[in-house]
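To keep things clear, I will list the structure first and then write my remarks on it.
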Amino acid sequence: PCTCVNGACNDGVDGDGTCSSCRPGWAGPHCDLCDVQYHGENCRTYRIYVDADATAGLGDGSSWPNAYSGRVGLQNAIEEFKEIPARTRRKIGHVEFWIAEGIYTPTSCEDPNACTPGERAKSFSDPGKLADFFGGFIGNETSLEQRDILAHPTILSGNIDFSEEG
């Protein structure tokens with residue numbers, strides 16, 4: 001008998017009852033576990049982690065230790081998510097951006113005199129209607145209820161060069 005919960009069974013005359021492929025968001029030998037970055041009921045929420053202070057890890061947003069980092073970490077996460085083909089994004093379903101405390105800008109200029117007009121015109125781009133943004137994390141939470149937006153403010157700033165003109 002097939003024990004594949006959320007995927008295609010390798011059954012039939014020559015089948016062995018194992019899962020031959022899992023549906024998007026699912027993993028494991030029986031397709032009964034959430035795949036990396038997928039969470040929530042039915043493994044339909046794709047979560048991307050961003051932490052301005054992250055210094056190690058893969059920088060792919062798959063977990064807090066692997067969060068997108070730096071002042072432009074959020075914008076990088078959004079832009080990379082938008083590069084996923086629309087058809088694949090629809091299969092992914094809902095996406096949540098979990099953003100740790102810190103100040104985030106859509107671009108950065110280390111030298112105020114070096115900011116180009118194009119850099120100054122940048123803004124955070126919308127990844128689509130299936131996305132939600134949550135801030136107020138310290139960077140180790142596993143549920144939204146654990147965040148504290150007052151103790152750990154997440155600021156999206158247009159002051160890209162941190163000048164006083166902002």
Side-chain angles (χ1 to χ4, degrees), residues 22-28 32-86 88-116 118-166:
C22 298
R23 290 196 300 250
W26 295 94
D32 59 346
L33 305 171
C34 288
D35 202 355
V36 174
Q37 286 184 270
Y38 287 86
H39 305 275
E41 187 177 344
N42 298 322
C43 297
R44 292 294 294 159
T45 299
Y46 187 80
R47 193 173 295 155
I48 298 173
Y49 298 86
V50 181
D51 185 346
D53 297 328
T55 57
L58 300 174
D60 64 3
S62 61
S63 63
W64 284 122
N66 292 322
Y68 284 93
S69 63
R71 290 187 345 206
V72 295
L74 176 59
Q75 187 64 19
N76 292 340
I78 293 169
E79 288 176 4
E80 285 192 28
F81 181 74
K82 287 174 67 174
E83 288 177 12
I84 298 171
T88 303
R89 283 198 315 262
R90 283 192 298 274
K91 286 182 182 178
I92 287 173
H94 186 253
V95 63
E96 292 179 352
F97 289 85
W98 281 26
I99 312 161
E101 66 184 338
I103 299 173
Y104 298 88
T105 58
T107 187
S108 65
C109 297
E110 297 303 322
D111 178 357
N113 298 317
C115 295
T116 67
E119 287 172 315
R120 289 202 173 277
K122 276 198 167 185
S123 61
F124 289 103
S125 57
D126 182 2
K129 57 186 168 186
L130 294 176
D132 286 320
F133 295 84
F134 298 98
F137 296 99
I138 195 167
N140 61 8
E141 295 84 353
T142 57
S143 72
L144 286 172
E145 294 76 25
Q146 293 172 315
R147 68 190 179 127
D148 185 338
I149 60 174
L150 296 177
H152 307 290
T154 300
I155 301 165
L156 307 186
S157 174
N159 190 3
I160 60 175
D161 61 11
F162 290 99
S163 68
E164 292 184 28
E165 298 168 9

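Below, each value reflects all heavy atoms present in this structure, side chains not excepted, and no hydrogens, waters or symmetry copies.
Looking at every heavy atom in both residues, Lys122 comes nearest to Pro106 through O-CG, 3.6 Å. Across Ala27 and Cys22, no two heavy atoms sit closer than the pair CA-SG, 4.0 Å.
For the 3.5 Å distance criterion, the side chains of Tyr68 and Glu80 qualify, holding a donor opposite an acceptor.
Residues Val72 and Tyr104 fail the side-chain proximity criterion, which asks for heavy atoms closer than 4.5 Å. At a threshold of 4.5 Å between non-hydrogen side-chain atoms, the residues Ile48 and Phe97 count as touching.
Partners of Glu96 according to the salt bridge (Lys or Arg N to Asp or Glu O under 4.0 Å) rule, which considers only residues two or more places apart in sequence or in another chain, are Arg47.
A distance of 7.5 Å separates CZ in Phe124 from OG in Ser157, rounded to the nearest 0.5 Å. Atom OG1 of Thr105 sits about 10.0 Å away from atom CD of Glu119, to the nearest 0.5 Å. Atoms CG and OG, from Leu58 and Ser63 in turn, are 7.5 Å apart once rounded to the nearest 0.5 Å. Here the CH2-OH distance, from Trp64 to Tyr49, works out to 7.0 Å after rounding to the nearest 0.5 Å.
Across Leu74, Val50, Ile99, a single residue satisfies side chain to side chain contact (heavy atoms under 4.5 Å, CB included) together with Thr154, and that is Ile99. The side chain to side chain contact (heavy atoms under 4.5 Å, CB included) test with Gln146 singles out one residue from Leu144, Asp148, Thr142, and that residue is Thr142.
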For Asp51 and Trp98: C-alpha separation, side-chain torsions, deciding distance, then whether side chain to side chain contact (heavy atoms under 4.5 Å, CB included) applies. CA-CA 9 Å; Asp51 185 346; Trp98 281 26; over 6 Å; no

Begin from the C-alpha positions of Asp35 and Leu33 and carry the test side chain to side chain contact (heavy atoms under 4.5 Å, CB included) through to its verdict.
CA-CA 6 Å; Asp35 202 355; Leu33 305 171; over 6 Å; no

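Side-chain N or O atoms of Glu79 include none that pairs as donor or acceptor with a backbone N or O of Asn76 at under 3.5 Å. Not one N or O on the side chain of Arg147 forms a donor-acceptor pair closer than 3.5 Å with the backbone of Phe134. Remark: side-chain polar atoms of Gln75 are not paired, donor with acceptor, to backbone N or O of Gly73 under 3.5 angstrom.
Atom CD1 of Ile149 has 12 or fewer heavy atoms from other residues, nucleotides or ligands within 6.0 Å.
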